[in-house]
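Atom set for the values below is all heavy atoms of this structure, side chains included, hydrogens, waters and symmetry mates excluded. We name chains A, B, ... by the order of the sequence lines, and we start the count at 1 in each one.
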Amino acid sequence: MALKQTLFSILLICFSFSTYSQKDIDKEFLKAYSSKDSSDYLFKKAYKRLKFKSDTASYLYFKFFKKDAMNENDSANYFAKKLIPLFHKLDTIKRLREVHERLYYQNLNNGNYENALKEIQTALELAKTIKDTALISLHYSDISILYHDFNFFDKGVAYGKKAYDIMSISKNIKYKYLIFANNAIGINFDDWNKPDSALFYHHKNLKHLKKVKDTLRFAFIYNNIANTNLKIKNYTNAKKFLKKSLAINLIRNRDYNLATNYTNLATIAFNESNNKEARKHFEQATFYAKKSNSIEKIRDVLEQEFLFYKKIKNYKKALQKQDSFYVLYDSVFKKERSSKFSKLEVEYQSIKKEKEIAQQKEELLKNELKIKNQNLHALLLASALIILGIISIGYYKKNQFKRKQLQKEIDLKEALTKIQTQNKLQEQRLRISRDLHDNIGSQLTFIISSVDNLKYVSKGANEKLKNKLSLISSFTSDTIFQLRDTIWAMNKSEITFDDLHARVLSFVEKAKTATNNINFIADNQIDTNFSFTSIVGINLFRVLQEAVNNSIKHAEATEVKIEMIEKNNRIHFNIYDNGKGFDIERTSIGNGLQNMEKRMSEIKGKVILKSTIGKGTIINITIQT
Amino acid sequence: MKYHSPFFFYILLIILSLRVYFYRGHKREKRKSNKRLNVINNQIYKEQIIQKHYNKEQNKMNVLEKDINQKFVTLRTDVMMIDFELREIFSL
């Protein structure tokens with residue numbers, strides 16, 4: 001019990017440091033736990049300070065361990081039943097594992113092996129949860145011992161080796177757990193009648209013993225070596241190791257181990273026919289076995305006592321011991337219990353497998369979900385691209401259509417403008433023509449009728465009348481010619497250079513007949529047949545006409561030359577006369593010249609006048625082609 | 001893929017809606033544009049009618065011009081006749 005208390009105190013101190021928030025209340029509970037006389041009072045006092053669920057859990061935890069230390073198993077189980085669900089809720093894995101471990105030892109001592117297996121398996125799962133390699137190894141060793149107690153030696157060895165492997169590959173090797181593992185393997189081999197293998201593992205532990213600090217805790221190594229040597233009847237070696245073990249156990253006051261030591265010593269003694277010593281050792285073994293409260297130990301003592309009394313032919317006592325042994329043996333080893341044990345093992349393994357399968361299923365589902373998400377993302381991206389593509393194409397087509405329609409509109413508007421312009425021009429032309437024709441036509445009609453009248457009147461005409469008639473005649477002729485020229489221009493939308501040239505020649509011919517003393521030359525050096533609008537054509541003709549008329553009227557020339565040249569994309573009309581010339585600067589420009597300049601500026605042309613007195617005049621008319 | 005059926009359905013719905021939207025937009029645009037083009041075409045047609053009318057007028061002008069030319073000829077002949085008669089009168 002003292003050992004239990006010190007062990008627990010150490011555990012608690014370590015745990016208290018790690019849970020700083022629980023420190024104060026845990027201290028009170030620890031005080032209550034450690035107290036020998038005032039434990040209940042201190043627990044009641046601490047109970048009043050409970051505020052949170054974690055405080056209640058701590059209270060139950062310390063109460064459980066106190067009751068367990070006092071071997072009040074029913075009370076301990078009562079607190080354990082309340083404590084375990086609370087720890088699950090609070091997720092206090094470490095303390096929960098300690099409770100299950102403690103319950104394992106309790107059940108083991110009581111020979112309740114099925115419950116012991118359940119508890120140690122739970123403790124093992126919790127150790128795996130907190131990923132404590134040392135505790136995992138320890139619990140595998142505990143399971144190995146349990147299987148040994150139930151004579152499932154092969155499984156015992158398997159679990160022992162598992163415990164050893166887990167610890168040996170750990171980054172932080174703790175040799176005491178290696179020792180526990182080897183010990184479990186050793187005792188399994190030992191009871192499996194494989195003493196060589198058993199000794200191999202026990203001697204391995206002697207090497208590990210050098211690497212641990214508290215060697216006194218491992219006295220069982222010597223006992224186990226002694227036990228195996230005993231089985232192979234190597235009593236000398238067995239006694240040697242037993243003495244070592246006994247010395248340590250007496251110091252540490254370990255009842256269970258002392259019971260084992262004395263049982264073995266008694267067995268050696270009676271095998272060596274030292275019956276007195278054997279009896280003495282058996283008494284001590286029984287004392288310590290009962291003190292340790294271990295049914296297994298009491299059973300072992302009874303078994304050896306039976307063999308001893310059988311050897312010394314005390315059959316009555318041998319029978320007594322045998323009966324007591326079988327009572328204990330049956331309570332532990334009933335067949336149903338054996339099958340229950342197997343079932344528990346199968347259940348545990350199947351739960352373990354189910355967990356693994358569930359984990360794998362979870363992994364598979366996670367992967368499936370990951371793939372599903374990836375697919376979804378890819379689909380979303382593709383859909384977004386498709387939708388974007390459709391929208392882009394839609395707007396592009398829309399704009400394209402708009403552009404086409406706009407172009408059609410523009411073309412139609414152009415055509416409309418063209419027709420409108422043509423119609424306007426035509427309208428103007430018609431208006432002018434109409435005006436002109438109507439006006440002049442009516443005037444001409446009047447003139448004709450006047451002349452007709454005069455004809456009748458002029459039968460006995462005098463000189464005056466003759467002159468008047470002549471004037472009318474010439475005036476009318478001029479008017480007719482002018483009108484004809486205008487009509488000529490108006491009738492055409494376009495006048496070619498050839499038309500103009502023909503017109504000029506026609507005019508020159510008329511001028512020749514009107515003036516006898518002037519020589520007219522028309523020199524055309526232009527090959528290309530340009531086109532002008534009617535306005536340009538008529539203006540050019542009028543200007544040329546005016547220039548020639550001026551030469552005829554004012555220059556007193558004998559020769560008038562009209563030259564037509566094309567040069568640098570321009571048409572030049574040069575009218576030369578060899579007349580008297582005039583001073584341009586001193587002479588004021590008359591209406592005729594002004595009209596010429598005006599007409600040429602209207603059609604974006606130029607007229608340049610050069611004259612030299614005594615030599616003649618040159619008029620240059622230029623227009624862009 | 002069967003898990004994504006609703007997703008496909010929604011995408012299809014969106015695509016169909018977009019198609020309908022663009023189709024209707026196109027039709028609307030076409031209608032407006034045709035309306036405008038028809039207006040211009042009508043104006044062109046009117047101008048063409050006016051042009052025909054002007055061409056008829058031009059023909060009338062041509063007739064008028066012929067008439068005037070005839071008058072010119074008459075005038076010249078008459079003037080010449082006057083001159084001739086006057087010569088006849090005064091030469092005798």
Side-chain angles (χ1 to χ4, degrees), chain A residues 372 375-376 379-380 382-383 386-387 390-391 393-395 397-398 401-402 404-406 408-409 412-413 415-416 419-420 422-423 426-427 429-430 433-434 437-438 440-441 444-445 447-448 451-452 454-455 458-463 465-466 469-470 472-474 476-477 480 483-484 487 490-491, chain B residues 1 3-4 7-8 10-12 14-15 18-19 21-23 25-26 29-30 32-34 36-51 53-55 57-58 60-62 64-65 67-69 71-83 85-90:
Chain A
K372 203 175 153 187
N375 283 347
L376 189 67
L379 273 167
L380 275 169
S383 310
I386 290 168
I387 289 168
I390 290 170
I391 291 169
I393 290 167
Y395 276 113
K397 291 268 180 204
K398 194 176 169 182
F401 177 74
K402 264 187 183 170
K404 273 185 188 165
Q405 295 299 94
L406 210 67
K408 274 186 193 170
E409 259 183 62
L412 282 175
K413 276 183 179 168
L416 177 67
I419 290 179
Q420 279 175 340
Q422 281 175 352
N423 284 349
Q426 190 75 339
E427 192 196 351
R429 207 178 286 136
L430 283 169
S433 277
R434 207 181 294 117
H437 291 145
D438 284 348
I440 295 170
L444 285 171
T445 313
I447 292 165
I448 290 166
V451 166
D452 279 343
L454 277 169
K455 264 201 292 188
S458 68
K459 278 208 173 135
N462 58 13
E463 199 65 37
L465 193 61
K466 245 168 96 174
L469 287 171
S470 294
I472 291 165
S473 170
S474 68
T476 315
S477 295
I480 289 164
L483 186 59
R484 279 215 170 126
I487 289 164
M490 289 303 294
N491 271 348
Chain B
M1 278 314 213
Y3 302 115
H4 300 309
F7 173 76
F8 281 127
Y10 289 128
I11 293 294
L12 207 63
I14 291 168
I15 290 169
L18 281 169
R19 281 286 299 148
Y21 167 75
F22 281 119
Y23 177 74
H26 173 76
E29 193 60 45
K30 205 173 178 180
K32 277 186 195 168
S33 158
N34 284 344
R36 287 198 295 270
L37 289 172
N38 283 339
V39 163
I40 298 168
N41 276 329
N42 288 337
Q43 284 175 335
I44 290 171
Y45 180 67
K46 277 182 194 166
E47 292 297 320
Q48 279 172 341
I49 291 170
I50 292 167
Q51 197 177 46
H53 170 71
Y54 285 151
N55 287 341
E57 290 293 310
Q58 183 63 40
K60 283 182 192 170
M61 282 298 121
N62 291 340
L64 196 59
E65 192 195 333
D67 185 41
I68 287 168
N69 283 338
K71 283 179 184 163
F72 290 153
V73 167
T74 315
L75 203 58
R76 283 180 79 174
T77 350
D78 282 352
V79 166
M80 279 183 73
M81 278 298 290
I82 291 169
D83 202 16
E85 278 173 14
L86 281 172
R87 275 191 200 153
E88 263 187 11
I89 293 164
F90 296 111

Distance from B:H53 atom NE2 to A:Q426 atom CD, nearest 0.5 Å?
10.5 Å

Using a strict threshold of under 4.0 Å (side-chain N to carboxylate O), is an ion pair present between B:R36 and A:E409?
yes

Is a side-chain donor-acceptor pair under 3.5 Å present for B:Q51 with A:Q422?
yes

Between A:L380 and chain B, which part of the residue has a heavy atom less than 4.5 Å away: side chain, backbone, both or neither?
both

Please round to the nearest 0.5 Å and tell me the distance separating atom OH of B:Y54 and atom CD of B:E47.
8.0 Å

Chain A contact via B:I14 - which portion, at a heavy-atom distance below 4.5 Å
side chain

Could you have a look at A:Q420, A:K397, A:K398, A:K408 and say which one has the most heavy-atom pairs with chain B under 4.5 angstrom?
A:Q420

Measuring heavy-atom distances to chain A, does B:I11 have an atom under 4.5 Å in its side chain, in its backbone, in both, or in neither?
side chain

So, the part of A:K402 with a heavy atom under 4.5 Å from chain B: the answer is side chain

Answer with side chain, backbone, both or neither: which region of B:Y21 has an atom nearer than 4.5 Å to a non-hydrogen atom of chain A?
side chain

Distance check, rounded to the nearest 0.5 Å: A:I390 atom CD1 versus B:F22 atom CZ?
8.5 Å

Report which part of B:K46 has an atom under 4.5 Å of a heavy atom belonging to chain A: side chain, backbone, both, or neither.
neither

Please report the interatomic distance CG(B:N41) to CG(A:L412), rounded to the nearest 0.5 Å.
5.0 Å

